[in-house]
Amino acid sequence: MTDVTILRVAVPTPALDSFDYLPPPDATTAPPAPGIRVRVGFGARRLIGLVVGHGRESQVPLHRLRPVLKVLDSYPILDARDLELLCWASRYYHHPLGEVISAALPKRVRQGHAAARDGIILWRLSERGRQPGPGSMLRAPRQAALMALLGEHPEGLDSTQIETRLPNSRQPLAALEKKQLITKTSRPCLDVLDVEPVPAPSLNADQRAAIDVIVAGFGRFNPMVLDGVTGSGKTEVYLTAIAAAIEAGRQALLLVPEIALTPQLVARFRARFSGPLALMHSGLSDAQRHCAWHMARTGRAQIIVGTRSAVFTPLAAPGIIIVDEEHDGSFKQQEGFRYHARDLAVIRAHLWKIPVVLGSATVSLETLYNVERGKYRRVRLPARARRLSPPSLETVDVRRRQLSDGFSPLVLEQVRRHLESRDQVLVFLNRRGYAPALVCHGCGWAAACERCDARLTLHAGRNRLCCHHCGAERSIDPRCPACDGAELLRLGEGTERIEQALKAAFPGVSLVRVDRDTTRRKGALQDKLAGIERGAHQLLVGTQMLSKGHDFPNVTLAVILNIDQNLYSSDFRALERAAQLIVQVAGRAGRGERVGQVILQTHLPDHPLLEQLLRGGYEAFSRAALAERRLADLPPYRHMALIRAEAVRRNAPMGFLRRARAILSNSRKARVDLLGPAPAPMERRGGRYRAQLMLIGGQRSALQRMLQEGVPMLGKLPEAREVRFTIDVDPVDTL
Ligand code: ADP
Ligand code: ZN
Ligand code: ZN
């Protein structure tokens, strides 16, 4: 014990814990409080860290502790409760604290820039710069490139946007400004809309009941599940609850799966609230993100809408957290710091003592289990808000049927019927490209990725073979490289082929395809969605980009083409995901005046899942699926973690995980089963071999204790030098 305050500082390094430092020697003021950034010497480097606590003792002898070099903030940039959330997440996910904190802060703040930021400087061409002449005569190539870039962006670009397109642009920017060819303007961080808000509809009784539960729970931890089919009015409930929170002087945080996929949702928020709204998603520039972050933490943004990482956005006065489509897999980060934003939202609401609403038409089995155990309260919205009947769901058995380009004639007949009555038809297929395999008819050779255990997908539009796992691509073989045969078959269907087949079957009908390939250009997705809404297209073909969130009132038929691959998958969550997908796609059909029809084309019409879903809907399915998980001793009845390892050398991950297993079983006190290690289902990906060790136990605390004791030792193993490993607590898949 000393009377010196020791600072616990988290620095962005792979160390699991914080490091001890002394306050700056010359300081006459109090030592920097938790939540304040400091610059520290770390080995030979200088890093920016965050004070996460104070102490009186250290494992390191006092004379060997170094003082921090500089204190960067006068006030904490994070509230104590949010700091606690990050520490909790670091412990629970067994991920280095410094990296967890980095994930929560905008890059500019991590780099040590001032935390406050009140606007964005935008550069654009000046009056003079737009004239033909001086700008185009520039001799300095960097300046000319910058002029050209700004010429393409009359709306203006901020410095980070410029930097990502043209690195090292500082000097040319200054030079051009001096020549008065460009000018800068400052735009405030938040646009406050100058429109008369659209009034809310009067809520129905179920919606009112939901609101009453939420509002009665203001000011305390009140987790609620809003369970209602697509179109039942959940978003209206969110909007009303948020209005109530704002009315009470508080902020609302809404998490959504992908903002790019939900322009309609954002538009509804914009229409209802003229007040300041901040969007947080991966499409922002660093400056924009910093701005939104600052507006949220100072309370100037009343509503924060964001994707996964927005769960960490600091708020001055949090009032409510809402997670829309809580079942969606995108809330789980799938690399590095593998947190689940929905679960962290609940923890955060608990720390802040505020209500949290988890909304979905296809509530996840974990969440339903928490309802069963009485941890979450469930409120249902049983009917579609505008009194529409639910879509009818049917299967079309394609066993022993002749398919043409993946379509059964029966299905094509139905498509024709709906097109003839001038309705829209959606064809869903979870695979992009033309064909998932290129196979030699002579010898059976199939084009495979050199870096993955996977076939290459043929993309006809780009005339390339592409790997959907590592991004590798190459030209299409004209002949078989194994037997020199010339007959290469394009097996199976992707969206491109479906598009072609439908165009051939229904010439003259306007078709739009929505998948990652057709929406790369910024704004392309919005344009296509707007076209669908306008009725410019009658046939819609797409991947899950089309299955989420959109409201297409004129779609009366949805066809799901290849659900079978989900039904065959070895992953224990595959059936749950299949059911959610079917119900979500079905939810797109018949939101308008007419009853919708949904057709599943399948080789497995007798599959128990499909039968349950058809007979009893998602409710019946989920009850049966939970019972099955209980029997099989799987999550959510038991708790799971995976240690995933990968390396260039084939045997390295298995060797490492065998040692890991030995260490973990040594530290075992309670009952946790260790399964494996085993190679991952796709063993090689991106040139690396992968393996995993599964931990599964009846008690979360026992599993956590085992990881807590074991994980710090793993990094020190000699075998660890060759592998990259991550801890995946509550994995969403085991693939
Ligand atoms: P969900 O989010 O569950 O899919 P929405 O909130 O988007 O449902 O509601 C579906 C449609 O019904 C929307 O067009 C919405 O404006 C409308 N709606 C929702 N609640 C009401 C209500 N109480 N009165 C009239 N229309 C409503
Ligand atoms: Zn061949
Ligand atoms: Zn690959």
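Each ligand, and each atom within it, is numbered from 1 in the order the structure gives. Hydrogens, waters and symmetry mates play no part in the numbers below; they use all other heavy atoms, side chains included.
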Which atoms of ligand 1 are found less than 4.0 Å from any heavy atom of [X]?
{"X": "Ser232", "value": "3 (O), 8 (O)"}
{"X": "Leu203", "value": "23 (N)"}
{"X": "Thr230", "value": "4 (O)"}
{"X": "Val229", "value": "3 (O)"}
{"X": "Ser202", "value": "22 (C), 23 (N), 24 (N)"}
{"X": "Gly233", "value": "1 (P), 3 (O), 5 (P), 6 (O), 8 (O), 9 (O), 19 (C)"}
{"X": "Asn204", "value": "23 (N)"}

Check your understanding: To the nearest 10 degrees, how large is the angle at the Zn ion (ligand 3) between Cys452 SG and Cys449 SG?
Key -> 110°
Check your understanding: About how large, to 10 degrees, is the angle SG of Cys440, then the Zn ion (ligand 2), then SG of Cys483?
Key -> 100°
Distance alone, cut at 3.5 Å: any donor-acceptor contact between the side chains of [X] and [Y]?
{"X": "Thr734", "Y": "Gln692", "result": "no"}
{"X": "Asp571", "Y": "Ser569", "result": "no"}
{"X": "Glu326", "Y": "Thr367", "result": "yes"}
{"X": "Glu473", "Y": "His459", "result": "no"}

Check your understanding: Out of Gly359, Pro553, Ala361, Gly231, who gets a non-hydrogen atom closest to atom 4 (O) of ligand 1?
Key ->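 Comparing heavy atoms across Gly359, Pro553, Ala361, Gly231, the nearest one to atom 4 (O) of ligand 1 lies in Gly231.
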Revision key, fill the gap. Min over Arg268, Glu236, Glu325, Lys234 of heavy-atom distance to atom 7 (O) of ligand 1 lands on Arg268
Review point. Sub-3.5 Å donor-acceptor pair from the side chain of Ser421 to the main-chain atoms of Asp423, do we have one?
Key: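 No; zero donor-acceptor contacts below 3.5 Å.
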Review point. Is there a donor-acceptor pair under 3.5 Å between the side chain of Arg348 and the backbone N or O of Val311?
Key: yes
Review point. Below 2.8 Å, any N, O or S contact between His469 and the Zn ion (ligand 3)?
Key: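 Given the 2.8 Å cut-off, His469 does not count as a ligand of the Zn ion (ligand 3).
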Check your understanding: How about Cys467: does one of its N, O or S atoms come closer than 2.8 Å to the Zn ion (ligand 3)?
Key ->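 An N, O or S atom of Cys467 is closer than 2.8 Å to the Zn ion (ligand 3), so yes.
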Check your understanding: What do you reckon, does Gly228 have a nitrogen or oxygen under 3.5 Å from a nitrogen or oxygen of ligand 1?
Key ->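 Such a contact does not occur with ligand 1.
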Check your understanding: Looking only at N/O atoms, are Gln207 and ligand 1 under 3.5 Å apart anywhere?
Key -> yes
**Study point:** From Asp728, Asp733, Asp343, residue fulfilling side chain to side chain donor-acceptor pair (under 3.5 Å) relative to Lys332
**Key:** Asp728
**Study point:** Where Asp477 and Leu488 come nearest, the two heavy atoms and their spacing
**Key:**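 Reported closest heavy-atom pair: O-CD1, 3.2 Å.
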Practice item. Give a yes or no on this: more than 12 heavy atoms of other residues, nucleotides or ligands lie within 6.0 Å of atom CZ of Arg688. Key: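 It does: Arg688 CZ has more than 12 such atoms within range.
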Exercise for review: Decide whether a cation-pi geometry holds between Arg250 and Phe218; the criteria are a distance under 6.0 Å from NZ or CZ to the six-membered ring centre and an angle within 45° of the ring axis.
Suggested key: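 Here Arg250 fails the 6.0 Å and 45° test against Phe218.
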